[in-house]
A.B. asks: 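Shown below is the structure under consideration.
On a predicted model such as this, the values are computed, not experimentally measured, just so you know.
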Amino acid sequence: MSTTPSPQETRDDAPAAPRSAVDRFFKITERGSTVGSEIRGGLVTFFTMSYIIVLNPLIIGTLPDSTGEFLGGGDAPNLAMIAAATALVAGVLSILMGVVANFPMALAAGLGLNAVVAYTVAQLPGMTWADAMGIVVLEGLVILVLVLTGFRGAVFRAVPRELKVAIGVGIGLFIALIGFVNAGFVRQGQGTPLELGSGGSLAGWPVAVFVIGLIAAIVLMVRKVRGGLLIAVIGTTVLALIVEAIAKVGGAGEENPGGWHQNVPSVPDSLVDLPDLSLIGQFSLFGAVGKIGVLAVVVLVFSILLADFFDTMGTMVAVGQEAKLLDEEGNPPRSQQILVVDSLGAVAGGMGSVSSNTAYVESTSGVADGARTGLASVVTGIAFLLATFLSPLVAMVPSEAAAPVLVVVGFLMVSQVADLDWKSPEVAIPAFLTLALMPFTYSISVGIGAGFIAFVVVKIALGKIRAIHPLMWVAALAFVVYFALGPIRDLLGV
């Protein structure tokens with residue numbers, strides 16, 4: 001009897017050969033993916049983070065600086081201009097991440113960081129928006145130097161594997177909470193920090209749309225339907241459009257708590273709109289120095305830098321874990337290139353006057369739908385560039401349609417909690433603080449900082465000081481300063 005394998009057996013057992021130049025460049029087949037999976041994953045990532053095109057203008061565009069002028073100039077908000085610049089910068093950086101780092105992680109204006117710029121930096125005496133964006137550029141340049149000198153990568157490698165796992169789990173809880181909050185399924189309660197829906201019960205069409213979308217996403221996932229998450233987003237958006245057309249729900253507010261969050265789904269009059277990109281380049285690199293002094297600028301740069309520094313570290317771990325791209329030490333491939341592109345994100349965000357751009361944890365949604373390479377990031381980036389012209393189309397997708405995907409991805413990431421040794425307090429305590437404080441404080445950086453400090457404290461308590469990497473000492477001490485920035489600013493009068 002012949003022992004020669006049949007053609008079918010050969011195809012099943014041997015690794016598939018790359019099919020094209022694109023396949024070889026992005027290592028699509030090598031990572032067990034397909035071009036179709038990468039395109040779907042890139043689109044899922046775009047739809048789950050496209051809210052930033054609407055939200056970033058509302059955060060940095062509706063508040064004048066200390067001189068009374070709005071971002072982009074004038075005495076009235078320039079929201080369309082900011083939306084176009086937000087999409088442009090996100091598109092260019094996401095494509096750069098895909099091409100340079102070959103990693104399925106997209107970038108856009110960082111939530112939290114943009115609020116700091118709008119409500120703190122731009123409101124300091126004499127500060128203009130150009131001065132505030134100049135501080136963002138300075139922060140990005142400092143981080144870029146830290147990357148090029150190897151310091152940022154060295155800190156990343158110094159983090160113990162169990163903390164990296166905890167960071168991924170914590171981000172899973174965090175991203176699920178974001179989904180529930182963005183959909184209005186969970187809200188600030190009366191007498192409680194959070195509660196179910198409004199008054200402890202679910203009411204309103206938007207929440208119903210979210211629940212239906214979540215059920216659809218779960219069913220599609222457990223049945224292993226290809227592109228299930230993208231199907232869920234598109235299907236829920238169509239449902240939302242129908243509901244709004246019939247029920248006229250409107251946007252959420254004090255008088256309409258059951259309305260749509262962030263944007264109201266509606267079919268636009270026109271799908272194409274020429275973007276106004278005149279916001280690009282409106283920054284002053286050293287203008288803030290003459291307004292608030294060198295010391296105050298240093299403190300502001302440090303505060304933004306530390307959050308940016310560790311947020312990305314957590315996100316790249318989370319994306320790498322979900323894509324199964326991490327090595328035995330918990331490090332993703334081409335870490336240096338990932339960090340370089342992310343550092344350029346802060347620089348580009350400031351130069352584009354849209355605040356620091358950073359890696360988005362929503363990228364895990366695309367990975368959950370099959371993305372494994374930088375081609376997905378390129379697809380996401382192209383979608384952002386198209387969004388500069390198709391902003392009315394992007395506005396059709398309400399947060400209630402994207403939120404179900406975030407909840408499902410949160411589940412997938414939290415499942416990694418089984419990799420932690422919960423019977424060992426030495427491992428479990430720092431891990432617990434890391435994964436608990438991310439959703440509880442609504443901050444990735446706070447969770448990482450608490451875990452780092454707890455790790456050092458536990459090792460000291462056990463007499464294992466030599467087990468603490470020198471860079472973990474540096475990071476823990478930096479977070480001590482970061483957590484005390486309020487009193488420090490008060491002391492310095494910043």
A.B. asks: More than 12 foreign heavy atoms under 6.0 Å from CZ of Phe432: is that the case here?
C.D. replies: no
A.B. asks: Mark yes or no for whether Tyr442, through its side chain, and Leu177, through its backbone, hold a donor-acceptor pair below 3.5 Å.
C.D. replies: no
A.B. asks: Check for a donor-acceptor pair, side chain of Asp369 on one end and backbone N or O of Gly41 on the other, with a separation under 3.5 Å.
C.D. replies: no
A.B. asks: Do Glu38 and Ser33 have side-chain N/O donor and acceptor atoms under 3.5 Å apart?
C.D. replies: yes
A.B. asks: To the nearest 0.5 Å, how far apart are CG in Asn331 and CD1 in Ile338?
C.D. replies: 10.0 Å
A.B. asks: Under the 3.5 angstrom rule, does the side chain of Asn114 hit a backbone N or O of Ile60 as a donor-acceptor pair?
C.D. replies: no
A.B. asks: Would you find more than 12 non-hydrogen atoms of other residues, nucleotides or ligands less than 6.0 Å from Phe440 atom CZ?
C.D. replies: no
A.B. asks: Between Gly98 and Val378, which heavy-atom pair has the shortest distance, and what is it?
C.D. replies: CA-CG2, 4.1 Å
A.B. asks: Whether the side chain of Asn56 engages the backbone of Ala83 through a donor-acceptor N/O pair (distance < 3.5 Å, no angle test) should be reported.
C.D. replies: no
A.B. asks: Assess the residue pair Phe384 and Ile52 against the criterion (side-chain contact (heavy atoms from CB on, under 4.5 Å)); give the C-alpha distance rounded to whole Å, side-chain angles, the decisive distance to 0.1 Å, and a yes or no.
C.D. replies: CA-CA 10 Å; Phe384 268 116; Ile52 193 61; 4.2 Å; yes
A.B. asks: Could you walk me through whether Val136 and Val121 pass side-chain contact (heavy atoms from CB on, under 4.5 Å), step by step?
C.D. replies: CA-CA 10 Å; Val136 174; Val121 180; over 6 Å; no
A.B. asks: Does a side chain donor of either Trp129 or Gln282 reach within less than 3.5 Å of an acceptor in the other side chain?
C.D. replies: no
A.B. asks: Should Trp260 and Glu244 be marked as a side-chain hydrogen bond (donor to acceptor under 3.5 Å, both in side chains) after you check the CA-CA gap, both sets of side-chain angles, and the distance that decides it?
C.D. replies: CA-CA 9 Å; Trp260 301 98; Glu244 177 59 25; 2.6 Å; yes
A.B. asks: Could you tell me which non-hydrogen atom of Val414 sits nearest to which non-hydrogen atom of Val169, and how far apart they are?
C.D. replies: CG2-O, 3.8 Å
A.B. asks: Should Phe174 and Leu435 count as side-chain neighbours, where that means a heavy-atom distance under 4.5 Å?
C.D. replies: no
A.B. asks: Can you confirm whether more than 12 heavy atoms, excluding those of Met472, are under 6.0 Å from its CE atom?
C.D. replies: yes
A.B. asks: Begin with the C-alpha distance, continue with both residues' side-chain angles, and end with the deciding distance and a verdict on side-chain contact (heavy atoms from CB on, under 4.5 Å) for Leu96 and Leu344.
C.D. replies: CA-CA 10 Å; Leu96 197 62; Leu344 292 175; 4.2 Å; yes
A.B. asks: If we ignore hydrogens and angles and just use 3.5 Å, is the side chain of Ser377 paired with the main-chain N or O of Phe103 as donor and acceptor?
C.D. replies: yes
A.B. asks: How about Val159 and Phe452: do any of their side-chain heavy atoms sit closer than 4.5 Å?
C.D. replies: yes
A.B. asks: Should Phe46 and Val379 count as side-chain neighbours, where that means a heavy-atom distance under 4.5 Å?
C.D. replies: no
A.B. asks: Working to the nearest 0.5 Å, report the span between CG of Leu202 and CZ of Phe185.
C.D. replies: 5.0 Å
A.B. asks: Going by heavy atoms in the side chains, are Met49 and Thr45 under 4.5 Å from each other?
C.D. replies: yes
A.B. asks: Using 0.5 Å steps for rounding, measure from the CD atom of Gln321 to the CD1 atom of Ile167.
C.D. replies: 8.5 Å
A.B. asks: Taking all heavy atoms of Val319 and all of Ser363, pick out the closest pair and write down the distance.
C.D. replies: CG2-CB, 4.0 Å
A.B. asks: For the backbone of Val100 and the side chain of Arg334, can you confirm whether one donor and one acceptor N or O come within less than 3.5 Å of each other?
C.D. replies: yes
A.B. asks: Hey, could you give me the OH/OG1 distance between Tyr360 and Thr380, rounded to the nearest 0.5 Å?
C.D. replies: 13.0 Å
A.B. asks: Quick one: pull up CD in Glu400 and OG1 in Thr237 and give me the separation to the nearest 0.5 Å.
C.D. replies: 10.0 Å
A.B. asks: Using a 3.5 Å distance criterion without hydrogens, assess whether the side chain of Ser94 forms a donor-acceptor pair with backbone atoms of Gly91.
C.D. replies: no
A.B. asks: If we only count heavy atoms from C-beta on, is the Leu375 to Val22 side-chain gap below 4.5 Å?
C.D. replies: yes
A.B. asks: Answer whether the closest heavy-atom distance between the side chains of Pro104 and Val367 falls below 4.5 Å.
C.D. replies: yes
A.B. asks: Is the shortest side-chain heavy-atom distance between Arg372 and Ile28 below 4.5 Å?
C.D. replies: no
A.B. asks: Look up atom CZ in Arg161 and atom CG in Asp419, then write down how far apart they are to the nearest 0.5 Å.
C.D. replies: 6.0 Å
A.B. asks: Which heavy atom in Val354 sits nearest to a heavy atom in Ala85, and how many Å separate them?
C.D. replies: CG1-CB, 3.5 Å
A.B. asks: Do you know the tightest heavy-atom contact between Gly366 and Val44?
C.D. replies: N-CG1, 4.0 Å
A.B. asks: On a heavy-atom basis, which atom in Ala401 and which in Thr236 lie closest, and how many Å separate them?
C.D. replies: CA-CG2, 3.6 Å
A.B. asks: Can you check whether Ala403's main-chain N or O pairs, donor with acceptor, with Asn182's side chain at less than 3.5 Å?
C.D. replies: no
A.B. asks: Keeping the roles fixed (side chain from Arg187, backbone from Gly184), state whether a donor-acceptor pair exists under 3.5 Å.
C.D. replies: yes
A.B. asks: Are Thr373 and Glu30 close enough that some pair of their side-chain heavy atoms sits under 4.5 Å apart?
C.D. replies: no
A.B. asks: Any donor-acceptor pair under 3.5 Å linking the side chain of Asn357 with the backbone of Ser355?
C.D. replies: yes
A.B. asks: Are Ser37 and Thr34 linked by a side-chain donor-acceptor pair shorter than 3.5 Å?
C.D. replies: yes
A.B. asks: side-chain contact (heavy atoms from CB on, under 4.5 Å), that's the test. Do Asp23 and Val35 meet it? Break it down for me.
C.D. replies: CA-CA 8 Å; Asp23 194 327; Val35 172; 5.6 Å; no
